[in-house]
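Following: one structure in structure tokens, then a few remarks.
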Amino acid sequence: MRLYEKPAHVLHDMLVNKEITAVALTEDVLKRIDEVEGDVKAYLTITRDEALAQAKAVDEKIAKGEEISFLEGIPGAIKDNICTKGIKTTCASKILEHFVPPYDATAMTKIKAQNPVILGKLNMDEFAMGGSTENSAYHPTCNPWNTDCVPGGSSGGSAAAVAAGTSIWALGSDTGGSIRQPASFCGVVGMKPTYGRVSRYGLVAYASSLDQIGPLTRDVTDCANILNIICGHDEMDSTSSEAEVPDFTKALVEDVKGLKIGLPKEYFVDGMDPEVEKTVRAAIEKYKELGAEIVEISLPHTKYAISAYYLIAPAEAATNLQRYDGVSYGERVESDDLVGMMTKTRTEKFGEEVKRRIVIGNYALSAGYYDAYYLKAMKVRTLVQQDYNEAFKKVDVIMAPTAPTPAFKIGEMVSDPLQMYLQDACTVPLNLAGLPGMSIPCGYSSQGMPIGLQIIGKALDEETIIRAAYTYEQSQNYHNEMAKLGGNN
């Protein structure tokens, strides 16, 4: 077994015990990038020289007998909408093609304090708008399990890199499922923490009331450890939670006896792939065997969540993206006058999906339609939150499929945005409610593509999710299985 196949916690122990060096580990992952990146295309920027220099510094520290932190010397990579000082941050958009941030995002500052090895920046749907990483302005990313298929999105580069072994861990962002859905498609663990748990300072905004940074990892243990690093209050983010951050690794306990699991009938939607439903129900049956109690629940306003999300998110996007005008931020396309310059810049430098969402958002916020659309969507958002509040009076966690299908073929849904939006049916509701959620692998389709189980928790109760996920993971072997690159690409 090569080093890139191992999770971060195992590699950390090997570094501490001097069984390996950080340089050898980094070289192994870089070699893996050389082997498969041409097929997977997970990266937008690779910082090879800097990574090796960081690894060498860690080895020198270990040689002196100094202690190292959890991520120290462990190669990882960052979604390209999280600001990294001195490294390009493009949001996979032509409008930020040459943007090099002069500062780090708060999550990045916390990560860097651990002295990890940063391999580079990962591909995504432009400005995090999409569910397949086909909307990148540079190139689509492929699913390592079958390179004819999408890796999901918008954090598709992050999920694909972890699944392919071209990164041991990664950071992504989740606005409507953008960590969990690609985690499901790529057979890795992906966590969206409670809204406000992780600072959004330095995360390039898509929809400010929904965005949240989170980890994508090989297993639940790595996820808990990275959450310990990135969570916490930040004065630079007015929406940052002041709640105390527990040690999430203490929730890595194999015990779900008496745990009440809510099974919402609304999440097993019409049109769901039968293999997904069968696999997820089998996973929930396993929880029953392990001592958990299954409770049928109803979240009646779930059916309106997609409609509400695709009014609220584009409305916030239209507002956030108005700063990219050729004057304040981003690239500029010259013209004879100011209006012409702004129009040309936005027309030529924004992709089709971004333009589509800006138009929808501006329409929803326009004078004649604000009450009819945006305000009504915000009322639905409150009802979705209330549904969860009622459900959590009866249960400890809620379980459902992460996505209604396994990964689909590249190009299959590009011409049908509505069908693509319905991919978010299972993930969007908890973004509207600000709740934490995790996707863990729970099986495979008949085509050998991963299927994800989604575990949803109460606000600020990531610990119960981690305990439930860890217990199931330890009863299976999915976290030890690596993607087998295939397909015709």
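When a residue number appears, it is its place in the shown sequence, counting from 1. FYI, side chains are in, hydrogens and waters are out, and symmetry mates aren't considered; it's all heavy atoms of this structure.
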- prompt: Between E331 and T345, do the side chains contain an N or O donor and an N or O acceptor separated by less than 3.5 Å?
  reply: no
In E473, R180, H479, the residue satisfying side-chain contact (heavy atoms from CB on, under 4.5 Å) with V189 is E473
Q) Counting distance only, does the side-chain N/O of T471 pair as donor-acceptor with the main-chain N or O of V253 below 3.5 Å? A) yes
Applying side-chain contact (heavy atoms from CB on, under 4.5 Å) to T89 and M108, what does each step give before you reach the verdict? CA-CA 12 Å; T89 300; M108 202 62 220; over 6 Å; no
The reported gap from CG in D247 to CG in N225 (rounded to nearest 0.5 angstrom) is 8.0 Å
message = Before you tell me yes or no, could you show the steps for R356 and I360 under side-chain contact (heavy atoms from CB on, under 4.5 Å), namely the whole-Å CA-CA distance, both residues' side-chain angles and the distance that decides it to 0.1 Å?
response = CA-CA 6 Å; R356 183 182 293 116; I360 292 169; 4.1 Å; yes
For A128, does its backbone N or O pair with a side-chain atom of D125 as donor and acceptor, under 3.5 Å? no
Across all chains, not counting sequence neighbours, the ring pair (Phe, Tyr, Trp, His ring centres under 6.0 Å) partners of F99 are none
- Query: Judged by modelled atom types alone, do N320 and S208 share a side-chain donor-acceptor pair under 3.5 Å?
  - Reply: yes
Any non-hydrogen side-chain atom of L252 less than 4.5 Å from a side-chain atom of I466?
yes
>> Show, in sequence, the C-alpha distance, side-chain angles and deciding distance for S439 and Q181, and conclude whether the side-chain hydrogen bond (donor to acceptor under 3.5 Å, both in side chains) test is met.
In response: CA-CA 8 Å; S439 179; Q181 184 248 28; over 6 Å; no
- Relative to the ring of Y374, is the ring of Y370 parallel (under 30°), tilted (30 to 60°) or perpendicular (over 60°)? tilted
Exercise for review: Please tell me if the side chains of V29 and S167 come closer than 4.5 Å, counting only heavy atoms from C-beta onward.
Suggested key: no
For S475 and L290, the nearest pair of non-hydrogen atoms, with its separation, is OG-CD1, 4.2 Å
Correct closest heavy-atom pair for Q423 and T405 would be NE2-OG1, 3.0 Å
**Prompt:** Side chains of L203 and N81: does their closest heavy-atom pair fall under 4.5 Å?
**Reply:** yes
message = For a quick check under 3.5 Å, do K121 and T84 share a side-chain donor-acceptor pair by atom type?
response = yes
Self-check item: Stepwise salt bridge (charged side-chain N to carboxylate O under 4.0 Å, His left out) check, R357 with E353
Solution: CA-CA 6 Å; R357 296 196 194 196; E353 184 60 32; 2.7 Å; yes
ask   = Counting distance only, does the side-chain N/O of T109 pair as donor-acceptor with the main-chain N or O of A105 below 3.5 Å?
value = yes
Can you establish whether the number of heavy atoms outside K355 located under 6.0 Å from its atom NZ is more than 12? yes
Rounded to the nearest 0.5 Å, the NZ atom of K393 sits from the CG atom of N389 at a distance of 7.5 Å
Side-chain (R218) to main-chain (W169) donor-acceptor, under 3.5 angstrom: no
inquiry  = Using side-chain heavy atoms (C-beta onward) and a distance below 4.5 Å, is Q212 in contact with R200?
reply    = yes
Exercise. Might you work through the side-chain contact (heavy atoms from CB on, under 4.5 Å) test for C442 and V280, ending with a clear yes or no?
Key: CA-CA 7 Å; C442 68; V280 168; 4.2 Å; yes
Does the side chain of P215 come within less than 4.5 Å of I230's, by heavy atoms? yes
Query raised in the report: Under 3.5 Å, side chain of N115 to main-chain N/O of V58, donor-acceptor pair present?
Result: no
task: Can you establish whether the number of heavy atoms outside Y304 located under 6.0 Å from its atom OH is more than 12?
output: no
query: Quick one: does E50's side chain get under 4.5 Å of I118's, heavy atoms only?
result: no
Next on the checklist: Is it the case that the side chain of S184 and the backbone of G452 share a donor-acceptor pair, with hydrogens and angles ignored and the cut-off at 3.5 Å?
Outcome noted: yes
More than 12 heavy atoms of other groups within 6.0 Å of K112 NZ
yes
Here the gap from I78 atom CD1 to M124 atom CE, rounded to the nearest 0.5 Å, amounts to 13.0 Å
Interatomic distance, OH@Y287 vs CD1@I294, rounded to 0.5 Å, equals 9.5 Å
Original post:
Going by heavy atoms in the side chains, are Y472 and V220 under 4.5 Å from each other?
Top reply: no
In short, A22 meets L15 closest at the heavy-atom pair N-CD2, 3.4 Å
One should read off an interatomic distance between M399 CE and L259 CG, to the nearest 0.5 angstrom, of 6.5 Å
Between Y201 and D104, the two heavy atoms sitting closest are CE2-O, 4.1 Å
Y470 side chain to I465 main-chain N or O, any donor-acceptor pair under 3.5 Å?
no
Hey, are D222 and T217 close enough side-chain-wise for a donor-acceptor pair under 3.5 Å?
no
Practice prompt. Decide whether H9 and D219 meet the rule of one side-chain donor and one side-chain acceptor closer than 3.5 Å.
Written response: yes
Margin query: Using 30° and 60° as the class boundaries, would you call the ring planes of Y329 and Y324 parallel, tilted or perpendicular?
Written below: tilted
Has T427 got a side-chain atom pairing as donor or acceptor with G176's backbone, closer than 3.5 angstrom?
yes
| said: Could you go through N123 and S136, starting from their C-alpha distance and side-chain angles, then the distance that decides it, and tell me whether this counts as side-chain hydrogen bond (donor to acceptor under 3.5 Å, both in side chains)? | reply: CA-CA 7 Å; N123 199 20; S136 168; 2.8 Å; yes
Practice item. Please indicate whether K94 has more than 12 foreign heavy atoms, meaning atoms of other residues, nucleotides or ligands, lying under 6.0 Å from its NZ. Key: yes
Exercise. Check step by step if side-chain contact (heavy atoms from CB on, under 4.5 Å) holds for E97 and T90.
Key: CA-CA 5 Å; E97 190 169 5; T90 70; 5.6 Å; no
Looking only at heavy atoms, the pair that brings R381 and L210 closest together is NH2-CD2, 3.5 Å
Practice problem: Could you please spell out the steps behind the side-chain hydrogen bond (donor to acceptor under 3.5 Å, both in side chains) verdict for S173 and K79? | Solution: CA-CA 7 Å; S173 69; K79 187 177 179 180; 2.8 Å; yes
Aromatic plane relationship, Y369 with Y363 - under 30° parallel, 30 to 60° tilted, over 60° perpendicular: parallel
Check your understanding: Is there a donor in the side chain of T133 and an acceptor in the side chain of T141, or the other way round, less than 3.5 Å apart?
Key -> no
d(L122 CG, L44 CG) to nearest 0.5 Å is 7.5 Å
Are the side chain of N135 and the backbone of E126 linked by a donor-acceptor contact shorter than 3.5 Å?
no
All heavy atoms of I213 vs all of S199, minimum pair found to be CD1-O, 3.7 Å
* To do: State, without any angle test, whether E266 and S298 hold a side-chain donor-acceptor pair at a distance under 3.5 Å.
  => yes
- Task: Decide yes or no for I179 and M191: does some side-chain heavy atom of the first lie under 4.5 Å from some side-chain heavy atom of the second?
- Result: no
Note to self: If we ignore hydrogens and angles and just use 3.5 Å, is the side chain of D211 paired with the main-chain N or O of Y206 as donor and acceptor?
What the structure shows: yes
